[in-house]
Amino acid sequence: MAVCIANYPLYIKSTPTENELKFHYTVHTSLDVVDEKISAMGKALVDQRELYLGLLYPTEDYKVYGYVTNSKVKFVMVVDSSNTALRDNEIRSMFRKLHNSYTDVICNPFYNPGDQIQSRAFDNMVTSMMVQVC
């Protein structure tokens with residue numbers, strides 16, 4: 001999972017770690033797809049309440065999903081493509097949970113916007129979501 005502002009990752013977590021470089025590449029390329037989807041939607045995205053972008057693109061190994069907030073914070077979730085039990089509404093729910101947890105992080109008066117996210121509560125929430133997916 002990744003949280004990014006202006007294509008700069010604030011938080012990236014992957015499991016297992018042996019393909020971490022490939023995961024980083026996938027996240028960075030998916031940010032371009034998020035930008036394309038946002039620009040294609042144009043004003044419609046501003047008027048919509050739904051921030052879930054859905055499946056950005058599938059690869060042989062992964063499915064990449066995206067979510068963008070009203071303040072243009074991008075969330076990217078990379079799921080193993082062999083995981084067929086995960087439904088679209090479950091992923092949407094996970095993104096909402098991630099968004100709520102991110103909101104808790106930035107509301108912390110000791111967090112400087114734009115810094116790497118180092119919150120234990122946020123990390124624990126992401127870890128629990130990753131365990132649920134795997």
Side-chain angles (χ1 to χ4, degrees):
M1 293 194 197
V3 177
C4 304
I5 294 179
N7 294 343
Y8 175 74
L10 298 178
Y11 180 88
I12 294 182
K13 182 160 184 124
S14 65
T15 304
T17 57
E18 66 260 3
N19 291 331
E20 193 164 350
L21 186 60
K22 186 176 181 180
F23 176 73
H24 281 262
Y25 174 75
T26 304
V27 166
H28 282 281
T29 56
S30 64
L31 292 175
D32 294 334
V33 177
V34 169
D35 287 338
E36 288 174 14
K37 281 199 169 207
I38 290 171
S39 64
M41 289 179 168
K43 292 280 187 190
L45 184 66
V46 175
D47 298 336
Q48 279 186 338
R49 293 202 176 265
E50 184 57 52
L51 306 170
Y52 176 63
L53 299 175
L55 181 66
L56 298 176
Y57 65 91
T59 66
E60 187 174 312
D61 301 325
Y62 305 110
K63 293 178 190 172
V64 183
Y65 295 90
Y67 183 94
V68 64
T69 67
N70 291 330
S71 57
K72 304 296 185 244
V73 175
K74 301 165 190 163
F75 296 95
V76 176
M77 187 182 304
V78 182
V79 180
D80 191 12
S81 46
S82 65
N83 187 346
T84 57
L86 203 58
R87 303 279 183 238
D88 204 48
N89 60 347
E90 293 168 339
I91 292 173
R92 179 177 287 138
S93 161
M94 291 169 74
F95 273 123
R96 285 189 186 129
K97 192 175 181 183
L98 189 63
H99 187 181
N100 289 338
S101 186
Y102 173 75
T103 303
D104 291 342
V105 168
I106 63 170
C107 286
N108 182 343
F110 299 107
Y111 176 74
N112 293 323
D115 286 353
Q116 293 286 324
I117 297 173
Q118 298 177 352
S119 166
R120 270 191 236 141
F122 186 81
D123 192 53
N124 290 340
M125 190 277 309
V126 170
T127 302
S128 71
M129 284 177 40
M130 291 173 80
V131 167
Q132 177 185 353
V133 170
C134 294

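By convention here, the first residue in the shown sequence is residue 1.
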Handout entry: Side-chain touch Val64/Val33, heavy atoms, less than 4.5 angstrom
Key = no
Handout entry: Atom pair CE/OG of Met94 and Ser128 - distance to nearest 0.5 Å
Key = 8.5 Å
Exercise for the section: Output yes when a side-chain donor or acceptor of Asn112 lies under 3.5 Å from a complementary backbone atom of Gly114, and no otherwise. Expected result: no
Exercise for the section: Could you tell me whether the side chains of Thr59 and Asp61 share a donor-acceptor contact shorter than 3.5 Å? Expected result: no
Handout entry: Smallest separation among heavy atoms of Ile12 and Phe23, with atom names
Key = CG2-CE2, 3.4 Å
Practice task
For Thr29 and Tyr57, test the side chains for any donor-to-acceptor distance below 3.5 angstrom and give the result as yes or no.
Solution key: yes
Handout entry: Non-hydrogen side-chain atoms of Gln116 and Tyr8 separated by less than 4.5 Å
Key = yes
Fill in the blank from the handout: Tightest non-hydrogen contact, residues Leu55 and Lys37, listed as O-NZ, 3.5 Å
Handout entry: Side chain Ser81, main chain Lys63, donor-acceptor under 3.5 Å
Key = no
Problem - Contact list for residues 118-130, test salt bridge (charged side-chain N to carboxylate O under 4.0 Å, His left out), sequence neighbours left out - result: Lys13-Asp123
Practice task
Could you state whether Phe75 and Tyr111 fall into the same hydrophobic cluster, counting links through intermediate Ile, Leu, Val, Met, Phe, Trp or Tyr residues with side-chain heavy atoms under 4.5 angstrom apart?
Solution key: yes
Exercise for the section: Any chance you could measure Lys72, atom NZ, to Asn7, atom CG, to the nearest 0.5 Å? Expected result: 12.5 Å
Exercise for the section: Work out which heavy atom in Ser14 is nearest to a heavy atom in Glu20; give both atom names and the distance. Expected result: OG-CG, 3.6 Å
Problem - Non-hydrogen atoms of Pro9 and Cys4 that approach each other most closely - result: CA-SG, 3.7 Å
Exercise for the section: Kindly check if the number of other-residue, nucleotide or ligand heavy atoms within 6.0 Å of CD (Gln118) is above 12? Expected result: no
Only pairs under 3.5 Å count here: list side-chain donor-acceptor contacts from residues 97-106, not counting sequence neighbours, and write none if there are none.
{"unit_1": "His99", "atom_1": "ND1", "unit_2": "Tyr67", "atom_2": "OH", "d": "3.0"}
{"unit_1": "Asn100", "atom_1": "ND2", "unit_2": "Arg96", "atom_2": "O", "d": "3.4"}
{"unit_1": "Thr103", "atom_1": "OG1", "unit_2": "His99", "atom_2": "O", "d": "2.9"}

Problem - Met129 to Met77 - nearest heavy-atom pair and separation - result: CE-CE, 4.2 Å
Problem - Tyr11-Phe122 aromatic ring centre distance below 6.0 Å - result: yes
